[in-house]
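Below: one structure, written as structure tokens.
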Amino acid sequence: MSCDRDAPVPVSADAALISRVTRLRTALLCAGADLERVSGPAPAWFASLAEDGLAPRSLTPQEQRELGAHLAGLPIDMVLTDIACDRAVQRIETLSALSELRSEGIDLYPCSRGGNLLDVPAASLHQLADYVRQQVAEAKATEVPQPDRSERG
């Protein structure tokens, strides 16, 4: 008996899949992804999935490929459940926040060797950055100017 390792894994989809796809794509757009360039069109079968209502159905291998293309090549697992989608959106938002902060000169690193900033909500990173900015501004405001000693006569 032979095992076909390339055989597609059955994937179940329901009408909520469409809203999860929208959430993920919105997060990608907000993070600056050029979805017009890197993703495929919305699959035509989205309409029938919405019409079917809450009844889940299995996606064919072709439908899985179309969904993956519409997600700009991201794994379709990210939109199969609310939990997976929430996690993916949170990580995209966190990566975007880290990139934004890095462009301002604020580099954040985990405190421990095995730490992972991807699990930190973007809002928390922004709060931390606001605190750092405030501390820097206060330090500059209380800084006593030193005389310029380079111009000795």
Nearest 0.5 Å, what's the [atom1]-[atom2] distance between [X] and [Y]?
{"X": "R65", "Y": "T60", "atom1": "CZ", "atom2": "OG1", "result": "7.5 Å"}
{"X": "L118", "Y": "E93", "atom1": "CG", "atom2": "CD", "result": "12.5 Å"}
{"X": "L28", "Y": "L71", "atom1": "CG", "atom2": "CG", "result": "8.0 Å"}
{"X": "L117", "Y": "S124", "atom1": "CG", "atom2": "OG", "result": "11.0 Å"}
{"X": "T81", "Y": "R87", "atom1": "OG1", "atom2": "CZ", "result": "11.0 Å"}

Heavy-atom pair with the smallest gap, counting every atom of [X] and [Y]:
{"X": "L49", "Y": "A13", "result": "CD1-O, 3.9 Å"}
{"X": "I76", "Y": "L80", "result": "O-CG, 3.3 Å"}
{"X": "R23", "Y": "D86", "result": "NH2-OD1, 2.5 Å"}
{"X": "I92", "Y": "A27", "result": "CG2-O, 3.5 Å"}
{"X": "H70", "Y": "S39", "result": "O-CB, 3.5 Å"}
{"X": "I18", "Y": "F46", "result": "CD1-O, 3.2 Å"}

Salt bridge (charged side-chain N to carboxylate O under 4.0 Å, His left out) against R20, all qualifying residues, sequence neighbours excluded:
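For R20 the salt bridge (charged side-chain N to carboxylate O under 4.0 Å, His left out) partners, ignoring immediate neighbours, are D14, D82.
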
Between Q90 and T94, a side-chain donor and acceptor under 3.5 Å
yes

Is it possible for you to say whether L125 and L95 belong to one hydrophobic cluster, with membership spreading through side-chain heavy-atom contacts below 4.5 Å?
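Hydrophobic grouping puts L125 apart from L95.
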
Hydrophobic clustering (ILVMFWY, side-chain heavy atoms < 4.5 Å, transitive) - are V120 and L101 grouped together?
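Both belong to a single hydrophobic cluster.
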
I'd like to check R91 versus M78 (side-chain heavy atoms, cut-off strictly below 4.5 Å). Are they in contact?
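Side-chain contact under 4.5 Å: no.
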
Any non-hydrogen side-chain atom of V11 less than 4.5 Å from a side-chain atom of L67?
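Side chain of V11 against side chain of L67, heavy atoms only: no contact under 4.5 Å found.
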
Atom CD of E104 with >12 non-hydrogen neighbours under 6.0 angstrom
yes

Any sub-3.5 Å donor-acceptor pair from T26's side-chain atoms to T22's backbone N or O?
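Checked: pair present.
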
Please confirm whether the backbone N or O of P41 pairs with a side-chain atom of E66, one donor and one acceptor, at under 3.5 Å?
no

